[in-house]
Amino acid sequence: MLERKDIDNLAVLARLDLSDAEKDKLQKDMESILGYISELQKAPAVEESHKSSDYSLKNVMREDGEAYESGVNTEAILAEAPKVKNGYFAVKKILDN
Amino acid sequence: MTKIDLKNLTIKTAHEALVRGDFTAVELAEAYLAEIKLNNERLNAFLEVFADVREQAQKADARIRAGKDVDILTGIPMAIKDNILIKGRKCSSASKMLENYTATYDATVIKKLKDKGVVFLGRTNMDDFAMGGSTENSAYGPTKNPFDDTLVSGGSSGGSASAVGGGLALCALGSDTGGSIRQPSSFCGTVGLKPTYGAVSRFGAMAMASSLDQIGPIAKNTEDAEIIFKAIRGADGLDSTAFDYDSNESPQKFKIGVPYSFLNQGGIDQVVLDNFNETLEKLKKAGHEVVEVAMPNLHYSLACYYVLMPAEVSTNMARFDGVRYGLHLDGKDMTEDYFKTRGAGFGREVRRRIMLGTYVLSAGYYDAFYNKAIQVRELVKQDYIKAFSSVDVVVTPTAPTPAFPIGKNTNDPLQMYLEDIFTVPVNLAGVPALSTPTGKTESGLPLAIHAVGNYKREDILFAFSRAIENL
């Protein structure tokens, strides 16, 4: 069901550098996990009329406005960044000319 | 120094002793530091013991001496799972990705506990980004079970449960996405609560699967768990899912529902089943009623969880890009930086779940897996809502086995996932659940009962758990 090229594609989508050995193992593991979760197809459909109108979830809003005063956390946050330049996160050039 | 009887100490008795002046918060903290020094190398429960524990305790002592702002938690030593942020302290989620990360803010639960004068002993070991059921996925080695150090502590909050069960902390915080507070509590003989979804703010807890995650207490008894829950719960402008609700009056005698058809599917150790049935018999003798409840969709829960959880994991883990914080490995261009950083920073189980999540969310499979799982989640909720129209609690064992040997399940992810069979449905539905110890196996390993309550009914779970403790 899962081919090696599927694993290669997923790794690209997920931006993960994986060794060939890990990909082999993943192909096997995912086959067995996907087999197990395919059980779901046997579950009955939800009847719309019986939908629980969410007992647990509730949106909580706050007033519009700044959650934090601008700049108060900048220094502490940038201190965690691997590379910083002039108060910004630094990354490699993204666009070619 | 006064010799403190740590074994029989609870939050309440510690508080009373602190206020009476039997011992100081510094002496109490030092007693735990001594236990940690004695046992942590063996158990690997703490990843870091904070250097300023005595200073924190001195501040608590000053409050107690002044008799001002004294809370029941003032001066109480607590361990914190390594995925809950404390400003200025390292917080790694037991991952290589965040090995050198220092939290830039306090989680809401930490802010609340700081205000009460809690003494934070250190940060506890866990599975890498809370993904696992045994703490074997920690980048810093497994946590051992305090009752037998060749066995796992359970997980993912294994460090917190081992610390409390092994007497290295009076109490702890954990987080629970599919059983990560309750299952290690079962293995380590502690009481663990997964609150109603939204009862406790998730702000400052590293996200794993945001629609399932909750922070909760791991404690020596029900009373302590309740004290901590009350201290950390409540609405929070920084978590749009956190809300307030009133406590209700709990019944004294319980109508206990058992989903026998779910239980009888096999896979449960006989010793677990025997202990569970004995507990039910004792409950009946104590005047509680035990009935069967039909919950025909519960057995889809684990499959449903292993679609929704990886889907949310793959999304949440996308933030680790090696640019803003955490590990960074250099490649030849920006894209290669991502691949190298993420490939090396995440542990094997995290990588596996990101791959699974990417698969179930990809075009062509989205409907068959993700959308179907969303519907099944609704069926699981309906099963609980229907059950709670006729019973007060739904009970099963917490885990299908007692603590298992380190290394036993590491090569078979599906077998490891099955450890969560009884705890996962609760996170899908968003209802609260509590694990309470119910004795030990012949070889001395803790066993536990898992009680699920209706939305917002932690009060019933605490009352029920007390009834178990009094059997």
Side-chain angles (χ1 to χ4, degrees), chain A residues 2 6-7 9-19 22-23 25-30 32-47 50-52 54-63 67-68 73 75-83 89-94 96, chain B residues 101-102 104-105 196-198 235 237-243 297 300 302-304 306-307 314 322-328 333-335 337-340 342-344 346 348 351-352 354-356 358-360 362 368-369 372-373 375-376 378-379 381-382 385 413-414 417 429-431 454-455:
Chain A
L2 260 185
D6 296 322
I7 298 289
N9 285 339
L10 286 172
V12 171
L13 283 170
R15 305 284 187 270
L16 288 173
D17 196 7
L18 303 174
S19 69
E22 182 166 357
K23 284 180 179 174
K25 174 87 164 67
L26 266 172
Q27 193 175 341
K28 246 176 53 204
D29 289 347
M30 284 179 65
S32 99
I33 296 166
L34 290 172
Y36 180 76
I37 64 182
S38 296
E39 273 291 294
L40 284 179
Q41 307 313 326
K42 295 184 198 152
V46 179
E47 291 174 48
H50 287 161
K51 263 203 163 179
S52 58
D54 253 348
Y55 286 65
S56 58
L57 297 178
K58 190 168 147 183
N59 267 321
V60 181
M61 306 294 186
R62 66 167 165 78
E63 291 299 310
Y68 302 98
N73 296 313
E75 204 181 316
I77 289 169
L78 285 178
E80 292 305 315
K83 280 181 196 150
F89 298 116
V91 296
K92 292 198 173 80
K93 195 167 89 172
I94 294 167
D96 287 326
Chain B
Y101 174 72
T102 301
T104 54
Y105 61 96
T196 302
Y197 186 79
L238 299 167
D239 174 357
S240 65
T241 60
F243 63 103
N297 298 301
Y300 294 115
L302 199 62
C304 178
Y306 273 95
V307 173
S314 71
V323 173
R324 292 160 301 157
Y325 50 86
L327 184 75
H328 173 90
D333 54 23
M334 176 91 182
T335 312
D337 286 2
Y338 292 152
F339 279 84
K340 286 190 174 237
R342 292 166 58 79
F346 293 133
R348 184 177 282 267
R351 300 197 293 268
R352 181 156 43 217
I354 291 173
M355 289 285 280
L356 262 178
T358 307
Y359 180 85
V360 299
S362 60
F369 288 110
K372 184 68 187 177
Q375 288 184 17
V376 172
E378 188 59 34
L379 294 174
K381 273 188 192 178
Q382 287 177 10
I385 289 165
L414 195 54
Y417 297 171
V431 288
N454 207 346
Y455 297 103

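Fair warning: this is a prediction, and the values are worked out from it, not measured in the lab.
Within a 6.0 Å radius of NZ in K372(B), more than 12 heavy atoms belonging to other residues, nucleotides or ligands are found.
Proximity to chain A (any heavy atom under 4.5 Å) is shown, for Y105(B), by neither the backbone nor the side chain. Residue contact with chain B, scored on non-hydrogen atoms closer than 4.5 Å, involves the backbone and the side chain of I7(A) alike. At a 4.5 Å heavy-atom cutoff, A79(A) makes no contact with chain B through either its backbone or its side chain. Residue S314(B) does not touch chain A at all, counting heavy-atom pairs closer than 4.5 Å. Proximity to chain A is limited to the backbone of D333(B), based on heavy atoms less than 4.5 angstrom apart. With a 4.5 Å cut-off on non-hydrogen atoms, F89(A) touches chain B through its side chain but not through its backbone. Looking at L16(A), the atoms closer than 4.5 Å to chain B (heavy atoms on both sides) sit in the backbone and in the side chain alike. For L18(A), the part lying under 4.5 angstrom from a heavy atom of chain B is the side chain only.
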**Request:** With side chain to side chain contact (heavy atoms under 4.5 Å, CB included) as the test, would you mind laying out the steps for D17(A) and Y338(B) before giving the verdict?
**Result:** CA-CA 8 Å; D17(A) 196 7; Y338(B) 292 152; over 6 Å; no
**Prompt:** So R348(B) and K25(A), side chain to side chain contact (heavy atoms under 4.5 Å, CB included) or not? Walk me through it.
**Reply:** CA-CA 11 Å; R348(B) 184 177 282 267; K25(A) 174 87 164 67; 4.3 Å; yes
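In terms of the side-chain contact (heavy atoms from CB on, under 4.5 Å) criterion, residue partners of S32(A) (sequence neighbours excluded) are, by chain and number, L414(B). Residues forming a side chain to side chain donor-acceptor pair (under 3.5 Å) with K28(A) (at least two apart in sequence, or on another chain): none.
In this structure, A76(A) and T104(B) approach most closely via the heavy-atom pair O-CG2, 3.5 Å.
Judged by distance alone, with hydrogens and angles left aside, the side-chain atoms of E80(A) form no donor-acceptor pair with the main-chain N or O of G326(B) at under 3.5 Å. Judged purely by atom type and a 3.5 angstrom limit, Y300(B) uses its side chain to pair as donor or acceptor with the backbone of K42(A). In this structure a side-chain-to-backbone donor-acceptor pair under 3.5 Å is present from R342(B) to A14(A). For E378(B) (side chain) and V46(A) (main-chain N/O), no donor-acceptor pair under 3.5 Å exists by modelled atom type.
Of the listed residues (A90(A), A43(A), A45(A)), the one with the most heavy-atom contacts under 4.5 Å to chain B is A43(A). Of the listed residues L26(A), D29(A), L13(A), the one with more heavy-atom pairs under 4.5 angstrom with chain B than any other is D29(A). For the set L302(B), V307(B), L238(B), the count of heavy-atom pairs under 4.5 angstrom toward chain A peaks at L302(B). Between chain A and the options A303(B), S362(B), A344(B), the largest number of non-hydrogen pairs under 4.5 Å is found for A303(B). Contacts with chain B were tallied for N9(A), I77(A), N73(A); I77(A) has the most, counting heavy-atom pairs under 4.5 Å. Comparing H328(B), Q375(B), M355(B) by how many heavy-atom pairs each has under 4.5 Å with chain A, the most go to M355(B). Between chain A and the options T335(B), T358(B), V323(B), heavy-atom pairs under 4.5 Å are most frequent for V323(B). Contacts with chain A were tallied for L356(B), V360(B), I354(B); L356(B) has the most, counting heavy-atom pairs under 4.5 Å.
From Y359(B), atom OH reaches atom CD1 of I33(A) across 12.0 Å, with rounding to the nearest 0.5 Å. Interatomic distance, R352(B) CZ to E22(A) CD, rounded to the nearest 0.5 Å: 8.0 Å. Rounded to the nearest 0.5 angstrom, R15(A) CZ and D337(B) CG are separated by 12.5 Å.
Taking the side chain as every heavy atom from C-beta outward, Y325(B) and P82(A) never approach each other to under 4.5 Å.
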